[in-house]
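Letters go in sequence order (proteins before strands), and every chain restarts at 1.
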Amino acid sequence: MRWSQSLIPTMKEVPADAEIPSHQLMLRAGLIRQLMAGAYTYLPLGWRSVQKAAQIIREEMEAAGAVELHMPALQPIELFDRTGRNEAFGSVLVRLDVTRGDRKVHMALGPTHEEVITDLISRHINSYRQLPLTLYQIQTKFRNEERPRFGVLRTSEFLMKDAYSFASTLEQLNDSYDAMYAAYCRIFQRCGLKYIPVEAESGPIGGDASHEFMIPAENGEDQIVYCESSGYAANLERAETGRKTPDLSGSNSSAALEKVHTPNAGSIEAVCKFLKCSPEQMIKTLIYLSDEKPVAVLLRGDHDANEGKIRRALGVKSIELADEKTIQSVTNAGIGFAGPVGIKCDVIADHDVPLISDAITGANETDHHYKNVNIGRDYQLETTYDLRDACEGDPCPKSGEPMKFVHGIEVGHVFKLGTKYSESLGAEFLNEHEKREPIIMGCYGIGVNRIVAGLAETCHDENGLLWPISIAPYEVLIIPLKTDDEDLMNVAEKMYADLKEKGVDVLFDDRPARPGVKFKDADLIGIPFRIVIGGKGLQEGIAEVKARTAEGPEKIPLDQTVEHVAKLVSEAKSELQKSSAT
RNA sequence: CGGGACGUAGCGCAGCCUGGUAGCGCGCUUGACUGGGGGUCAAGAGGUCGCAAGUUCAAAUCUUGUCGUCCCGACCA
């Protein structure tokens, strides 16, 4: 492609609205332009990168036995009603009421395609003999983000590869899941991404096993907890800690229990301010409704409750924070004054709670707290649980070593769905004993734009982007320094044609611009290899070849340049193809 | 949805407090010079100051409303 024929609007200055590196660089390098909050146009360079990522995904999906199809973005709302997700998605679902004649047709723009594909499969799969099957598509998804942000990382419209596996047995599901997991590793490897697979909650989508693929990045929205020595990695929602139940027999503090008046101090923060104490000294008491039954959950004041862990510890289906009335009946007090001493409901506690001696906690009486609360004497526990979000430095559940935190951008997610959708949409098959069973499903997503944005976010220097060869919009950039020098242009044109002939993706900077401008733009858009043909070089019979990441250029005789660069390109590509354990 | 900031030329910004002919840098056009890391000189084009209402002889500037964008939080595959 000739630069002069493409649309590559580079910018010298940083747009005021862009804050994180990927957003700034993608705008400056002419990859994207914003249409409105959460919706971006992909310009020629940006779209090429997206297409390259999509192509790698296709190749690896096919290699893993998945088959591509294409489903509509427009979906009838009725399908979402049948799975209960019309309500579950809430404002995230983009709903449309379309007039057809004298009636309204209710539809939605697909936020994902479980409903559509399960409906399809329910009509065409009848027998275990037709399973397993894995289908995928690359499609635009619509999710109304309450607050779009981070440029292209969190948008209301985005490209996603979504795959769905259908199995007659758990073994089949596990095989499909493992195949997808392995394919994801190869995809991200080939895209030149540093990634970490982490254990994850499967979330409202349901299911029982799930991994997320994260790009470690300072501006990532997700928190990853990991252990260097054991390799354990999980997202914050899911991360276990290796803490143990401490001694519950009693504290050796002799300070007497004391009730203090704390008017209007119903929050940890307010009590700390009022009593001049720190949150670590407090026992936070949260009243939950656990399958409709109130339970008090005790945590150290500075810790965050993890509802998934609480739900599992209680062994119940659902938990939610109790309403004011329930709290009143259990504590005889308004919100914010609950405590374990004399509370009238079941109590479960996090491992760290008994370790607090002379704790401060609510007195189950409005506007009052207790001081010097101690385990054994003032309240009793039979055991303790892991009920809170992990903290930096917590022991790893595998090795016991302190765990570290890092931010991550989620680029992929694989999970075992089970039969949630097949049951609600009637996707059943006949097994070998002529019994009807729901199909066991798995679902596997990759944010295609996020691959590109994640690379922009993590691979750059002070001059611009540093694309890996596989995702770079072009592999080689040819810069003739004097476009009005006929001899020089003839050489450059020949090189451009020859490289194209060899199947190399070449961008030809034929603009009549000053060298400085071309060099700056070259660095900004980050094409991996650059060939410069200048007046001096031409006289010496050489071209300058420079990798974007190299310190300086290498002089290559003109008649060998094409060969040399083609070799560099194929070497760089095969380097990324190598399988390596990440 | 709670809190905060900002809307002036394609981009970055000043002017607003204290109302009185809309400005700077980059980019763009033309010409000359220049010619290996965002050049120099000269001459130009480009803005109903987000929109609406109000106050005023007069509003980019003051008031109110509204729309939009960004940031923090809540929410969220």
Side-chain angles (χ1 to χ4, degrees), chain A residues 7 9-20 23-24 27-28 30 33-40 85 88-94 110-114 139 141-151 153-162 200-207 210-214 219 221-222 235 237 304 409-415 417 443-450 462-464 479-485 488 509 511-525 530 532-540 542-544 546 552-553 555:
Chain A
L7 177 63
T10 58
M11 283 190 282
K12 186 145 65 167
E13 288 177 284
V14 181
D17 281 345
E19 205 138 288
I20 63 171
H23 193 195
Q24 294 181 349
L27 285 168
R28 289 221 294 134
R33 282 298 179 267
Q34 185 181 52
L35 178 63
M36 58 179 182
Y40 286 82
R85 287 167 106 204
F89 269 117
S91 65
V92 171
L93 194 63
V94 180
T112 167
H113 282 72
E114 279 84 1
Q139 236 272 11
K141 307 291 185 195
F142 299 86
R143 289 180 195 173
N144 176 43
E145 287 296 336
E146 295 281 323
R147 189 186 152 211
R149 64 186 120 174
F150 302 135
L153 279 175
R154 188 157 205 85
T155 53
S156 292
E157 180 182 333
F158 54 95
L159 246 207
M160 177 163 142
K161 186 285 302 179
D162 48 326
E201 289 283 355
S202 47
I205 214 151
S210 161
H211 287 86
E212 289 170 343
F213 289 79
M214 298 283 196
N219 288 303
E221 286 187 271
D222 296 281
N235 71 13
E237 231 181 344
D304 293 320
I409 298 165
E410 186 185 348
V411 276
H413 198 161
V414 291
F415 44 97
L417 273 178
C443 110
Y444 318 91
I446 291 181
V448 186
N449 328 272
R450 278 191 178 177
E462 66 278 11
N463 294 315
I479 303 181
L481 287 181
K482 293 181 183 176
T483 49
D484 52 1
D485 179 332
L488 192 151
D509 190 353
R511 296 174 300 170
R514 300 177 63 82
V517 174
K518 293 189 172 193
F519 287 136
K520 286 290 182 188
D521 273 348
D523 286 347
L524 182 57
I525 68 172
R530 187 186 84 185
V532 173
I533 302 160
K536 290 177 212 156
L538 198 65
Q539 280 173 11
E540 294 172 42
I542 57 107
E544 290 165 37
K546 179 182 169 298
K555 293 184 177 180

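- Across all strands shown, B/rC24 pairs with B/rG12; the Watson-Crick or G-U wobble distances both stay below 3.5 Å.
- Nucleotide B/rU18 forms a pair with no other nucleotide shown, judged by Watson-Crick or G-U wobble geometry with both contacts under 3.5 Å.
- In this structure, B/rU48 forms no base pair with any nucleotide, since neither Watson-Crick nor G-U wobble geometry is met with both distances under 3.5 Å.
- A/G534 comes within 4.0 angstrom of a base, heavy atoms only.
- Among the protein residues, A/R33 comes within range of no part of the nucleic acid, since none of its heavy atoms lies under 4.0 Å from any strand.
- Among the nucleotides B/rG37, B/rG27, B/rG35, the one closest to the side chain of A/D484 is B/rG35.
- Not a single donor-acceptor pair under 3.5 Å links the side chain of A/R143 to the backbone N or O of A/E157.
- Between the C1' atom of B/rC75 and the CG atom of A/L93 lies a distance of 16 Å, rounded to the nearest Å.
- Comparing the P positions of B/rG27 and B/rU69 gives a spacing of 30 Å, expressed to the nearest Å.
- A donor-acceptor contact under 3.5 angstrom links the side-chain atoms of A/R530 to the base of B/rG37.
- Other residues, nucleotides and ligands contribute at most 12 non-hydrogen atoms within 6.0 Å of the NZ atom of A/K482.
- Taking atom C1' on both nucleotides, B/rA9 is separated from B/rC24 by 12 Å, rounded to a whole Å.
- Taking every side-chain heavy atom of A/K12 into account, B/rC26 is the closest of B/rC26, B/rU69, B/rA77.
- Whole-Å rounding puts the A/F519 CZ to B/rG35 C1' distance at 12 Å.
- Of the candidates B/rC1, B/rC71, B/rG38, B/rG38 carries the atom nearest the A/L524 side chain, counting heavy atoms from C-beta on.
- Across all strands shown, A/M160 has no heavy atoms under 4.0 Å from either base or sugar-phosphate atoms.
- Atom pair A/N235:CG and B/rA77:C1' shows a separation of 12 Å (rounding to whole Å applied).
- Rounded to a whole Å, the NZ atom of A/K518 is 13 Å from the C1' atom of B/rG37.
- Comparing B/rA45 with B/rU56, their P atoms are spaced 38 Å from each other, to the whole Å.
- If you check every strand for non-hydrogen atoms under 4.0 Å, A/K482 touches sugar and phosphate atoms only.
- Between A/R450 atom CZ and B/rA77 atom P the separation is 12 Å, expressed in whole Å.
- Here the nucleotide nearest the side chain of A/R149, chosen from B/rG38, B/rA77, B/rC72, is B/rC72.
- Pairing partner, B/rC75: none, since no Watson-Crick or wobble contact has both distances short of 3.5 Å.
- Nearest heavy-atom pair across A/P553 and A/K546 is CA-CB, 3.9 Å.
- Taking a pair to require two hydrogen-bonding distances under 3.5 Å in either a Watson-Crick or a G-U wobble arrangement, B/rA58 remains unpaired.
- If you check every strand for non-hydrogen atoms under 4.0 Å, A/E544 touches a base.
- In this structure, A/R514 does not reach the B/rG38 phosphate: none of its side-chain N or O atoms is under 4.0 Å from OP1 or OP2.
- Rounded to whole Å, the P atom of B/rG47 lies 38 Å from the corresponding atom of B/rG2.
- With contacts defined as side-chain heavy-atom distances shorter than 4.5 Å, the pair A/K161/A/Y444 qualifies.
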_Base versus backbone protein contacts along nucleotides 4-12 of chain B [heavy-atom cut-off under 4.0 Å; B, S, -]_ = -------BS
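- Relative to the side chain of A/Q34, the nucleotides B/rU69, B/rA77, B/rG36 differ in distance, and B/rU69 lies closest.
- Of the candidates B/rU69, B/rC71, B/rG37, B/rG37 carries the atom nearest the A/K520 side chain, counting heavy atoms from C-beta on.
- Taking a pair to require two hydrogen-bonding distances under 3.5 Å in either a Watson-Crick or a G-U wobble arrangement, B/rG31 pairs with B/rC41.
- Within the nucleic acid shown, A/F142 has no heavy atom closer than 4.0 Å to any nucleic acid atom.
- Within 3.5 Å, a donor on the side chain of A/R147 pairs with an acceptor on the base of B/rG73, or the reverse.
- Note on A/E19: only backbone sugar-phosphate atoms sit closer than 4.0 angstrom, heavy atoms only; bases stay farther off.
- Among residues two or more places apart in sequence or in another chain, the side-chain hydrogen bond (donor to acceptor under 3.5 Å, both in side chains) test is passed with A/E145 by A/R154.
- Counting only heavy atoms from C-beta outward, the side chains of A/L488 and A/L538 approach each other to under 4.5 Å.
- Distance alone, capped at 3.5 Å, places no donor-acceptor pair between the A/R450 side chain and the A/V411 backbone.
- No donor-acceptor pair closer than 3.5 Å links the side chain of A/K141 to the backbone N or O of A/G447.
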